[in-house]
There are 2 protein chains.
Amino acid sequence: MPLSREKIAATAIRLADEHGLDGLSLRKIAKELGVGPMRLYDYVINKSELLDLMVDVVYARIAEVGQRSGWRDTVLAIAHATRDAALDHEWFSDVLGGRPHLGPHALAVGEATAAALSAAPGVRDIDDLQRAVGALNAFIVGSVRREVTERRTARATGTDEAAFQASLGPYLTRMLKTGRYPTVARLVIDGAHLNAEETFNHNLTTILDGITSRPAT
Amino acid sequence: MPLSREKIAATAIRLADEHGLDGLSLRKIAKELGVGPMRLYDYVINKSELLDLMVDVVYARIAEVGQRSGWRDTVLAIAHATRDAALDHEWFSDVLGGRPHLGPHALAVGEATAAALSAAPGVRDIDDLQRAVGALNAFIVGSVRREVTERRTARATGTDEAAFQASLGPYLTRMLKTGRYPTVARLVIDGAHLNAEETFNHNLTTILDGITSRPAT
DNA sequence: TATTGGTGGATACACCGTACGGTAGCGGGC
DNA sequence: GCCCGCTACCGTACGGTGTATCCACCAATA
């Protein structure tokens, strides 16, 4: 089993899944592979390139959803696949939008979404398409990042009310008790029960409706 | 001039503006302040806490836009202030959405946007408000990240066509020449002339229209 | 004057990415 | 058959990071 870019990327992904991107180091990857650290540089230029490799592996999984019947179903499938991938590989959300995704599978995903959106009503020319792709991707990136961040803090503080009160509570409740943030307070207190996937879905359709129902300029 | 959290955060922001977040280290900050590295730990627990401090300083600038006459003007002002701040402090976009923003000024910005959105038509109850805030913030985070990333790669590769062809060109043009990404190719070739701020504005109004014009469920 | 408390500094540790020099094995030319 | 050159592999080393710990000094108090 002679070592390869794929094998390196695979173990790197596994380690990143377990210990996060900060806990990922070339030395640990090498040790996990039973190899000296410098061996990796025969297959990869940088840690940065290794990261690009990992990212494109994830995009390969996203690209697997393929094409659905209608443009809207395709977009929905890609968006949900992206979200699922980010929830499986939380480090993926740390990189989302932070560097250009130019791997072959990333391009394939981009092509699929762009092709789907170009068939949407309200998308008339290339400028419309560029804006639509931008809006959709921005929403996906932002949503996924937000959800992963929330999940992390929930895991760090503990899900239950008691642990929350113990960790963030003292500061946050004191802040909210000042009365300077009444709307935020209402959101925190009353609005914590919404399902994440439903919210994602809801906002996604809102965005798509906004794109398609745009009046002619 | 005895050193303080504010002074530390200010020089940290300056260094991060110049050399990026990766080029920021406690040792450099300390050296810039003419102080041993460990002195900083008398004012800050972690590098993480220092980052939170820096982030909240930026949010203070964003919060300065205050309240406009209508809910829509307020939201637009906050969104643009966020974008401007991220373009001034590109490291800010690296952190956007990646950690909970709980500083007092961040909460103030959150309160202002939530309050404004709660007055928007189509936002009837707390659940609507939560979703609307989520959609808007997701879009802002994603858009700003994308724009900063593009600006960075443009700066790295050089703006002009020749340098671009020399750096990313060989790989990207070869990829696009395969014919597997026709829509992306069209976007890259034909659609590079759009103004970033206009696009941001356009998509922002699209999102807001989508939120306000949602049918009653 | 002796003691104590706090303040600033230096040193040290574990870890990181990666540049560099060396070595062992192997295929090809004479 | 012998030797050479080349390639694949590897260990060591350097400069940097965040941070814990200990130490020296100095002011104020008993």
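In the text below, chain A, chain B and the rest are named by the order of the sequence lines, each starting its count at 1. Note that the structure is a prediction, hence the values are computed from the model and not measured.
- Side chain of B:Lys47 to backbone of B:Leu26: no donor-acceptor contact under 3.5 angstrom is found.
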Show the distances under 3.5 angstrom between N or O atoms of the protein and N or O atoms of nucleotides 25-27 of chain D.
none

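- Following rounding to the nearest Å, A:Tyr43 (OH) and D:dA8 (C1') show an atom-to-atom distance of 8 Å.
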Salt bridge (charged side-chain N to carboxylate O under 4.0 Å, His left out) assessment of A:Glu18 paired with A:Lys28: CA-CA 12 Å; A:Glu18 294 174 11; A:Lys28 290 179 186 168; over 6 Å; no

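- In this structure, the CG atom of B:Leu40 is 11 Å from the P atom of C:dG9, given to the nearest Å.
- Judged by distance alone, with hydrogens and angles left aside, the side-chain atoms of B:Asn203 form a donor-acceptor pair with the main-chain N or O of A:Arg131 at under 3.5 Å.
- The distance from atom CG of A:Asp42 to atom P of D:dC9 is 7 Å, rounded to the nearest whole Å.
- When the options A:His105, A:His101, A:His89 are evaluated for a ring-ring contact (aromatic ring centres under 6.0 Å, His included) with A:Tyr59, the one that passes is A:His101.
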Verdict with supporting geometry, B:Glu150 and B:Arg145, salt bridge (charged side-chain N to carboxylate O under 4.0 Å, His left out): CA-CA 9 Å; B:Glu150 282 177 1; B:Arg145 280 198 126 226; over 6 Å; no

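- With hydrogens and angles disregarded, no donor-acceptor distance shorter than 3.5 Å links the side chain of A:Asp52 to the backbone of A:Gly103.
- Taking atom NE2 of A:His19 as the reference point, atom P of C:dC16 lies 12 Å away to the nearest angstrom.
- Computed from coordinates, the B:Leu3 CG to C:dG9 P distance equals 10 Å when rounded to whole Å.
- A donor-acceptor contact closer than 3.5 angstrom links the side chains of A:Glu111 and B:Thr183.
- As a whole-Å value, the separation of A:Leu50 CG from C:dC16 P is 14 Å.
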Contact letters for nucleotides 12-23 of chain D, in which S counts primed atoms plus P, OP1 and OP2 and B counts the base, heavy atoms under 4.0 Å: BB---BBBB---

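- In this structure, A:Phe200 and A:Phe139 have parallel ring planes: the angle between them is below the 30° cut-off, well short of the 60° mark.
- The separation between A:Lys31 atom NZ and D:dG11 atom P is 12 Å, rounded to whole Å.
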